[in-house]
There are 2 protein chains.
Amino acid sequence: MPDQRAEGEDKPDEADRGKLENVLLKVVQGAIRPRTATAYLEESLRSAIVSGDIPGGTALRQEAVAEVFGVSRMPVREAIRQLEAQGLVEFQPHKGAVVAAISAQDAADNWAIRKALECAALEYSIPGLREEDILRAEEGIAEMDSETDFSRLGLLNRRFHMTLYSRAEFPGMLQLIEKHLIASDRYIRFQLAALGRDKMAQDDHRAILAAAREGDAAGACRLLASHIEDAGRRLVERIRHLSSVRGQADAQMSNSKAPLE
Amino acid sequence: MPDQRAEGEDKPDEADRGKLENVLLKVVQGAIRPRTATAYLEESLRSAIVSGDIPGGTALRQEAVAEVFGVSRMPVREAIRQLEAQGLVEFQPHKGAVVAAISAQDAADNWAIRKALECAALEYSIPGLREEDILRAEEGIAEMDSETDFSRLGLLNRRFHMTLYSRAEFPGMLQLIEKHLIASDRYIRFQLAALGRDKMAQDDHRAILAAAREGDAAGACRLLASHIEDAGRRLVERIRHLSSVRGQADAQMSNSKAPLE
DNA sequence: CATATGTACATTGGATCCAATATGTGATTG
DNA sequence: CAATCACATATTGGATCCAATGTACATATG
């Protein structure tokens with residue numbers, strides 16, 4: 001669901017005209033407002049892909065997608081282009097787009113990138129962390145403790161991590177990290193569905209936060225590095241195991257969707 | 001201008017069929033082959049942007065671009081979408097796309113990301129480096145020593161770095177690094193044009209390669225880190241300086257193009 | 001019978017047209 | 001005279017149409 005930013009506020013000088021407009025503005029804001037069809041499709045498709053609703057390997061036929069969303073093929077094509085540049089779909093000229101498949105290689109890549117970037121960001125961020133950030137991170141841990149919905153756990157985990165990095169003065173870096181955190185969501189969900197939420201290594205989270213609170217950048221980075229590394233290694237091992245047991249692992253990975261909704 | 005590949009050659013006979021195919025293959029490979037107009041536009045625009053031929057801040061009016069390239073607006077739109085997802089242009093619905101402006105913030109981001117990713121990649125890669133890689137890297141350094149064309153210097157620098165990382169077993173990570181190296185090209189060129197090629201810190205390159213040759217991962221990473229950090233700091237300082245002296249620095253940065261062709 | 005070839009169909013790439021939105025300019029009104 | 005509104009214009013968003021390409025199946029031929 002696309003949330004909207006506040007638009008230009010008209011000055012309320014002309015009797016009730018301002019009020020009327022405000023009312024309409026609220027209505028519009030409350031409603032699902034796809035500012036453009038392309039943006040709407042791009043968000044919907046991405047969320048569906050990372051959540052696993054559209055399993056890896058699925059061919060995205062333009063006509064079919066267009067029909068489902070009630071638009072023409074054109075916005076579909078543009079949305080697919082963007083998803084391609086983001087690495088969420090693979091594209092071949094005249095053949096079409098298929099949702100990027102889950103694979104051990106992709107997972108290993110993602111975790112290696114995350115480790116490098118997140119450790120750097122944490123180091124940059126720690127000196128600038130404030131009370132409110134620490135509190136927000138603590139809340140995040142608590143929320144994860146009490147959350148039962150897998151799909152929300154991924155979001156909460158992402159938020160916790162991003163809070164820790166938020167004071168790094170490199171917005172582009174933070175954006176890149178968030179992109180990879182989102183991409184790792186479906187793997188996290190995949191693990192949770194099978195291993196039955198071992199609280200997502202909450203002990204790690206607590207230890208990292210403790211080090212961050214003390215301003216111990218080196219220690220926090222070391223903890224974060226092994227936190228990410230461990231999760232990545234476990235995940236890659238499991239995917240490798242599955243793909244050696246069964247034929248091609250990609251297909252049935254999608255069943256991680258089943259327990260979710 | 002899109003050249004087309006050779007069309008159907010009549011087969012002389014079946015005796016030398018294998019050879020014929022090889023010949024045709026060479027012809028096809030040699031030709032400039034824009035598989036689709038969108039891909040052609042995407043490559044052309046990206047190269048023009050990173051090379052500085054299209055300065056930051058330029059509005060990419062679809063109609064104008066389409067006319068120049070002799071196509072309709074549609075492939076232009078798709079290409080722009082991809083460039084947007086790659087962060088090379090900024091996009092606003094109904095307003096259009098403008099080439100992402102050069103800025104101190106963007107440069108700082110880029111170098112911070114590069115430092116994190118490239119150091120990690122180097123560490124992963126060093127244990128797997130072979131003789132041929134070392135040799136290729138040495139050739140790269142030599143080429144940079146004797147190259148006078150600024151636009152090629154960026155390419156050679158990129159190649160040297162990528163050679164060092166090439167044995168890291170994370171293709172996605174390498175792709176991400178290359179993407180950021182390409183994006184940093186126009187900053188490098190910007191520096192070279194002003195500072196007059198101080199050999200691009202070739203001493204650093206030699207030192208890094210020496211450590212890599214010895215298999216000293218930690219040492220090589222330390223050297224690489226400060227190599228990237230120094231260049232980034234110098235660059236950011238210079239951009240900050242320029243923007244404080246003159247009004248907005250973004251516009252006239254484009255003159256870095258002048259000495260190039 | 002196997003391989004190669006031709007043909008029909010499905011799907012994507014690209015062009016043109018129309019609609020929606022933003023911006024600039026001039027008129028109107030307090 | 002200033003501010004606002006209305007309108008004209010430029011530009012982008014989206015839909016529909018046609019062309020190009022890939023795939024699958026049938027057919028011919030050694």
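In this text the structure is predicted, and so the values were computed from the model without any measurement.
Nearest to the side-chain atoms of A:Ser72 among the listed nucleotides C:dG13, D:dG14, D:dT12 stands D:dG14. You'll find that the side chain of B:Pro75 is closest to C:dG14, out of D:dT23, D:dG13, C:dG14. Nearest to the side chain of B:Arg61, among D:dT11, C:dG14, D:dG13, sits D:dT11. When each of D:dG13, C:dT12, C:dT23 is scored by its nearest atom to the side-chain atoms of B:Arg81, the top-ranked nucleotide is D:dG13. In this structure, of C:dG13, C:dA15, D:dG13, it is D:dG13 that holds the atom nearest to the side chain of B:Phe91.
Within 4.0 Å (heavy atoms only), B:Arg73 reaches at least one base atom of the nucleic acid.
Of the N and O atoms on the side chains of B:Gln86 and A:Gln86, not one donor lies less than 3.5 Å from an acceptor on the other residue.
For D:dG14, its base sits under 3.5 Å from the side chain of B:Arg77 at one donor and acceptor pair at least.
A:Leu60 has its CG atom 9 Å from the P atom of C:dT12, to the nearest Å. Atoms CD (A:Glu67) and P (C:dT12) sit 13 Å apart, rounded to a whole Å. In this entry the distance linking CE of A:Met74 with P of D:dA15 reads 8 Å, nearest Å.
Between A:Lys95 and D:dT23, a side-chain N or O to OP1/OP2 separation shorter than 4.0 Å is present. The side chain of B:Gln92 places no N or O atom within less than 4.0 Å of a non-bridging phosphate oxygen (OP1 or OP2) of D:dT12. Distances shown here put a side-chain N or O of B:Thr38 below 4.0 Å from the OP1 or OP2 atom of C:dG14.
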Salt bridge (charged side-chain N to carboxylate O under 4.0 Å, His left out) between B:Glu42 and B:Arg46, intermediate numbers included
CA-CA 6 Å; B:Glu42 197 247 336; B:Arg46 183 174 52 208; 3.1 Å; yes
Legend entry - Chi angles and distances behind the side-chain contact (heavy atoms from CB on, under 4.5 Å) call for B:Leu60, B:Phe91: CA-CA 10 Å; B:Leu60 291 178; B:Phe91 199 81; over 6 Å; no
